[in-house]
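Before any comments, here is the structure.
FYI, the numbering just counts along the sequence from 1.
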Amino acid sequence: MPSSRLQGFYQLSPAERARRVAEFANLSEEEAALLASESPLTLQQADRMIENVVGVYGLPLAIATNFVINERDYLIPMVVEEPSVVAGLSYAARLVRAGGGFHALADAPEMIGQIQVLDVPNPAAARLRLLAAEKELLERANACDPVLTALGGGARALQVRLAESPVGTMLIVHLIMDVRDAMGANAVNTAVEALAPHVERLTGGRALLRIVSNLADRRLARAWGVVPKEELALEGLSPEEGVQRILEAHAFAEADPYRAATHNKGIMNGVDAVALATGNDWRAIEAGAHAYAARSGRYKPLTAWERDAQGNLVGSIELPMAAGIFGGATRAHPQARLAIKILGVRTAQQFAEVMAAVGLAQNLAALRALAMEGIQRGHMKLHARQVAMAAGAIGEEVEAVVERMLAEGAVRSDRAAEILAALRREGHR
Ligand code: MEV
């Protein structure tokens, strides 16, 4: 297994980076060309994906390095417009790598489909009639998708609740379905639509909404990892102080929902970017994450940070992960397919584990930056790099120009050009 620790990766050109990634993931010539392509999605393909298409919209596709999850190296494809997200993620993954990498664990890929039943004559008895018919209903659900059942997935359970509402007592039916390697909304929606007439027959009520739930709390993904305290001796802090800063930053999110929202937004910076790169429905994942964060009735951070007996930093995360590697845009979008190949994940469960590790690492990156240097300095460095490259700096010149501009507090294209010219005169080429 090749290493994901690609030193100096950020200093390469996009084409060179793509070559390294192709090598890592064993891509074919064709796939490597697609990876580096400026227009991987054709207008014709786009026109088949959604309605009223007029063009194709581009975003950067980047790779985060350094990930070890369950003792396997990963390169992480990300699509995101925000600077510092990819660099921050790679940096945080390196910190956790020093502690042995991430450990991760995901539930079976069980999704929930809901049927809303109104105007039920005797709701309490109707609920029991439905439960008594569970076997029949599960069989009917499975009949909708013989391929899924052949793959080992299918309907697993039926749950029924009564709920008071402004339009009277309603029955809420949950169909639990193992969707294997798909995100699963399609399979679940088909099944609940097929079940609805039978639910009406058994309850005497009227089925209205029949739709997947995005609070996919039977499909949780979890990751945890250790950062050796020495790795946090940054910015003149002792290792203990470095760990303490992260604990204090996390405590803010525990204490206050206004902070928790931003804390979780940072987690989703990474998760969404991988969701987008792999053609997954990032809105579904977002909805699940935030609903789960509020499950106690109070909005909470999705991560926890603690200190272990040796004083090292230990992080963990748990969130719903309705993401797949099969079906929908994960197959229809050429680069999404490629992103899944680069990840090398074989199942949606393994993919969910990667997503959890990414969320945890992105949170660590944000907390480290916020609690140690403030977020703008990192942004400035990235900005300075862009300015240096735009002025024509290549290879080692980039860092030299960046360092000098930052030291002078003058991150401008005219200054970059002057510094570059001076460097070249001094014979730095
Ligand atoms: C910015 O996109 C994300 C952060 O605000 C997250 C956080 O504050 O934890 C930096």
Would E353 and Y74 count as having a side-chain donor-acceptor pair, cut-off 3.5 Å? no

What do the steps show when you test H263 against N363 for side chain to side chain donor-acceptor pair (under 3.5 Å), and what is the final call? CA-CA 7 Å; H263 179 104; N363 182 228; 3.3 Å; yes

Mind checking the CZ-CG spacing from R307 to L247? Nearest 0.5 Å is all I need. 5.0 Å

Is it the case that over 12 heavy atoms from other parts of the model lie below 6.0 angstrom from the CH2 atom of W224? yes

Q116-R210 side chain donor-acceptor pair, cut-off 3.5 Å: no

From L319, V271, I76, residue fulfilling side-chain contact (heavy atoms from CB on, under 4.5 Å) relative to M355: V271

Please list, chain by chain and in numerical order, all residues satisfying side-chain contact (heavy atoms from CB on, under 4.5 Å) with E240, sequence neighbours excluded. K229, S238

What are the two closest heavy atoms between L61 and P77, and how far apart are they? CD1-CB, 4.2 Å

Is the shortest distance from a Lys or Arg side-chain nitrogen in E254 or R259 to a carboxylate oxygen in the other one below 4.0 Å? no

Please determine whether a side-chain nitrogen of the Lys or Arg among D178 and R180 lies less than 4.0 Å from a carboxylate oxygen of the Asp or Glu. yes

Please round to the nearest 0.5 Å and tell me the distance separating atom OG of S28 and atom CG of L34. 9.0 Å

For T42 and Q45, which I'm curious about, is there any donor-acceptor pair between the side chains at under 3.5 Å? yes

Applying side chain to side chain donor-acceptor pair (under 3.5 Å) between S4 and each of N66, T65, D73, report the one that passes. D73

Rounded to the nearest 0.5 Å, the CZ atom of F351 sits from the CZ atom of R346 at a distance of 14.5 Å

Closest approach of A36 to A18 (non-hydrogen atoms, all atoms of both residues): CB-CB, 4.0 Å

Assess the side chains of H290 and N264: does a donor N or O sit below 3.5 Å from an acceptor N or O? no

Using a strict cut-off of less than 4.0 Å between a Lys/Arg side-chain nitrogen and an Asp/Glu carboxylate oxygen, indicate whether R97 and E71 qualify as a salt bridge. no

I'd like to know if E318 pairs up with R222 as an ion pair, taking the criterion as any Lys NZ or Arg NE/NH1/NH2 lying under 4.0 Å from an Asp or Glu carboxylate oxygen. yes

Do R415 and E418 meet the salt-bridge criterion of a basic N to acidic O distance under 4.0 Å? yes

How long is the gap from CD1 on I211 to CG on N189, to the nearest 0.5 Å? 4.0 Å

Pairs involving residues 18-35, ordered by first then second residue, that meet salt bridge (Lys or Arg N to Asp or Glu O under 4.0 Å) (sequence neighbours left out): E31-K341

Measure the spacing between CG of N142 and CG of D145 and express it to the nearest 0.5 Å. 8.5 Å

Within this structure, what is the OG-CG distance for the pair S213 and L175, rounded to the nearest 0.5 Å? 12.0 Å

Within the 3.5 Å criterion, strictly below it, is a donor on T169 or E164 matched to an acceptor on the partner's side chain? yes

